[in-house]
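Worksheet: one structure, shown below.
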Amino acid sequence: MSGIRSEWTTYRRVTRTATYGFLAALPLVLMYELLVVFANRGAVAQVRVGAEVWLKQLLAVIGDTGFEALGVVVLLVGAAVFWSERRKRIPLRVRYFGWMVLESAV
């Protein structure tokens, strides 16, 4: 029983870190972009989320546009998360991501 308690304690501690937050959000960002492309096939007016439009407009001001610029921003955020948390030696366990999905569904 103490092994399960220890595992649960570790799960709660590490899944609250920016590392797990970023890695859990990454597939959602990719799915969003793919679904936006799919939903807007052949459409005259595109369906988008306001925050994404604002972010892409901000990137356009500095000279970049589109998916590539957003990808660079995501990679830079990921690198910042990695460098800021690398001393914590956060264990990456695939099963924790499954548990996070289950926890979110509940």
Side-chain angles (χ1 to χ4, degrees):
M1 189 73 161
S2 74
I4 293 172
R5 185 172 293 143
S6 173
E7 180 76 11
W8 176 246
T9 302
T10 302
Y11 166 78
R12 284 192 348 234
R13 182 180 51 83
V14 300
T15 57
R16 292 179 185 195
T17 63
T19 299
Y20 271 86
F22 176 77
L23 292 174
L26 198 55
L28 298 175
V29 170
L30 293 173
M31 282 191 306
Y32 169 79
E33 287 294 334
L34 291 173
L35 290 173
V36 163
V37 168
F38 178 73
N40 291 318
R41 265 188 325 193
V44 175
Q46 290 193 348
V47 175
R48 293 282 180 172
V49 172
E52 176 205 6
V53 173
W54 293 343
L55 180 60
K56 287 187 178 178
Q57 286 174 347
L58 177 64
L59 292 171
V61 168
I62 60 173
D64 289 322
T65 59
F67 184 74
E68 296 83 13
L70 189 58
V72 168
V73 169
V74 169
L75 288 175
L76 289 174
V77 168
V81 166
F82 173 77
W83 287 109
S84 70
E85 293 200 334
R86 67 188 174 119
R87 290 170 298 196
K88 295 179 184 177
R89 298 184 192 268
I90 298 167
L92 292 179
R93 297 195 173 113
V94 175
R95 69 178 172 271
Y96 285 2
F97 291 103
W99 292 355
M100 289 171 72
V101 169
L102 180 63
E103 181 182 2
S104 298
V106 169

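Sequential numbering from 1 along the given sequence is applied to the chain's residues.
- Applying the side chain to side chain contact (heavy atoms under 4.5 Å, CB included) test between Arg93 and each of Thr15, Thr10, Val14 identifies Thr10 as the sole match.
- Smallest separation of non-hydrogen atoms from Tyr20 and Met100: CD2-SD, 3.8 Å.
- Shown here for Ala18 and Glu85, the closest heavy-atom pair between the two residues is N-OE2, 3.2 Å.
- The CG atom of Leu28 sits 12.5 Å away from the CD atom of Glu33 when rounded to the nearest 0.5 Å.
- Cluster annotation: Leu26 is not connected to Leu35 through the hydrophobic network of ILVMFWY side chains, with a link wherever side-chain heavy atoms come within less than 4.5 Å.
- Open room surrounds CZ on Arg89; 12 or fewer heavy atoms of other groups in view lie less than 6.0 Å from it.
- With hydrophobic clusters built from ILVMFWY side chains whose heavy atoms lie under 4.5 angstrom apart, Tyr32 does not share a cluster with Val101.
- In this structure, the ring of Phe22 has its center no less than 6.0 angstrom from the ring center of Phe82.
- A donor atom on one side chain and an acceptor atom on the other are not found under 3.5 Å apart for Glu103 and Tyr96.
- Residues Arg95 and Glu7 form a side-chain contact, since some pair of their non-hydrogen atoms from C-beta on lies under 4.5 Å apart.
- Under the 4.5 Å side-chain criterion, counting only non-hydrogen atoms from C-beta, Leu92 is in contact with Leu23.
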